[in-house]
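Remember, predicted model here, so these are calculated numbers, not experimental data. In what follows, chains carry the letters A, B, and so on, assigned in the order in which the sequence lines appear, proteins first and then strands, with residues in each chain numbered from 1.
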There are 2 protein chains.
Amino acid sequence: MPDIKHFDPDAALETVVRLFWRQGVASTGIQDVVTATGLNRSSLYATFGGKQELYLAALRRYVEQRSRPVFRRLAEDERGLPAIAEFFAGLIDARCSGEYAGWGCMVSNAHAGADNSDPEVRAVLDRHHEELRDAMHAALVTARAQGQLVPGCDPRAAADVLALLAYGVNLRSRAGADARDLSRTVTAALASLGGPAAA
Amino acid sequence: MPDIKHFDPDAALETVVRLFWRQGVASTGIQDVVTATGLNRSSLYATFGGKQELYLAALRRYVEQRSRPVFRRLAEDERGLPAIAEFFAGLIDARCSGEYAGWGCMVSNAHAGADNSDPEVRAVLDRHHEELRDAMHAALVTARAQGQLVPGCDPRAAADVLALLAYGVNLRSRAGADARDLSRTVTAALASLGGPAAA
DNA sequence: TGCAACTGGGAACGACCGTTCCAAGATAGC
DNA sequence: GCTATCTTGGAACGGTCGTTCCCAGTTGCA
């Protein structure tokens, strides 16, 4: 057997995720990647292929590591509306403070960039949206079963609304929107679903 | 008096708007601008300055020509909820069909790009958001005066929700979201404001 | 120990980036 | 027609882009 890799591809990809997440693909050069990861151009191209493939890998990793676990937690939460409220609270917290403050959501950012012309990127975007919507829908169905929703509320439609609302939060947070403003807005949206007795 | 300009700066800037709107700043080169506008590098730099200034001018033009008139129409519309419904219908129509289908909103796109690090760009974004929110608020106040809103509905909070929803529409439309899906979602959101008797 | 396989360092590629500069052309007042 | 002033065409700048290539270094197996 020949020589083995001298670095951890997974850790390197995580570094790349943060790079593309914060700056976008178009504004991030290969040199930036080389500098940030510390690994060589040769190793980079041998491991991940070209820039577009690297971006796609980073985007997929973002969804798997960052989005999907949160969606799963939301979908499996048995509390109903409080679960949705907690989802948004966590979202706003992650977007507005801590290490990733002002970075928005990598998938939301990808929507707005020139990246989405790539069919493979587009597929990741659509899948992500579908999963977010489904998780929201599951939580809403749970909420309805517990009598938390106003009578006329359709969980499917409400899930769509909340999913789009999440994108709005992601977008505005990247421009430095105030966390309390966003929280207040989300709270109002949830209140309209649950009536006066919302959690 | 010396020689005069051989081109129309306003028409040229409109061409630039479409270029940046569709592709984003980072993915658009000066060469693209030169090719699309047909005018020379010298004229370009003499008239608009560098790339960043050109982008800022284009972004401001977009807001003035595309966003602001729509906001004004919404704010001044005396019908209440139907005015908001029409706003969203026009938005979805513009985003999903016609010349600009799949382009999203230039301001929404700017949120997600690396552009917003520029304070002047950021200011345009914040101002745009404020104006959208205010227009929405005005329409909601009108709606409430006509008894179209459910009793507990706060126009200020509802305006925030609808503004974020608009960003969500813009974002998803850029990934090719179906117009009918978006319409259905928006209709559901408006229905939750107006109760069973919504227009 | 020699071979084969794969690594990493780093130079180099052509193309394009945003920007600048200069000479030629055009216009208005004298 | 001359001059002054501005515009325009286009070459050219240094730098960076994404990508490729080669060579030395390192490892495991025969």
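D/dT8 atom P lies 10 Å from atom CD1 of B/I4, rounded to whole Å. What separates CG of B/L39 from P of D/dC6 is a distance of 20 Å, to the nearest Å. Atom NZ in B/K5 sits about 9 Å away from atom C1' in D/dC6, given to the nearest Å. Between the CD1 atom of A/I30 and the P atom of C/dC13 there is a distance of 20 Å, given to the nearest Å. One atom, NZ of B/K51, and another, P of C/dT19, lie 8 Å apart when rounded to the nearest Å. Between the CD atom of A/Q31 and the P atom of D/dT16 there is a distance of 9 Å, given to the nearest Å. Distance OH (B/Y45) to P (C/dG18): 7 Å, rounded to an integer number of Å. In this entry the distance linking CD of A/E53 with C1' of D/dT20 reads 15 Å, nearest Å.
Among the protein residues, B/S27 comes within range of no part of the nucleic acid, since none of its heavy atoms lies under 4.0 Å from any strand. Using a 4.0 Å heavy-atom criterion, one finds that A/F7 contacts the sugar-phosphate atoms exclusively. Among the atoms of the strands shown, none is found under 4.0 Å from any heavy atom of A/T47.
Across the interface with DNA chain C, nearest-nucleotide mapping of A/A46 and A/N40 shows A/A46 to be the residue nearer the 5′ end. Map B/G38 and A/S42 each onto its nearest nucleotide of DNA chain D; the residue landing nearer the 5' end is B/G38.
Under 3.5 Å, the side chain of B/R41 and the base of C/dT20 form no donor-acceptor pair of N or O atoms.
From B/Q146, atom CD reaches atom CG of B/L81 across 9.0 Å, with rounding to the nearest 0.5 Å.
The pair A/R180-A/D178 counts as a salt bridge, with a side-chain nitrogen and a carboxylate oxygen less than 4.0 angstrom apart. The existence of a salt bridge linking A/E76 and A/R72 is confirmed by a sub-4.0 Å separation between a basic side-chain nitrogen and an acidic carboxylate oxygen.
Under a hydrophobic clustering in which Ile, Leu, Val, Met, Phe, Trp and Tyr are joined whenever their side-chain heavy atoms come within less than 4.5 Å, directly or via other members, B/F71 and B/V124 fall into different clusters.
B/T35 and B/Q31 share a donor-acceptor pair across their side chains, judged by distance under 3.5 Å alone.
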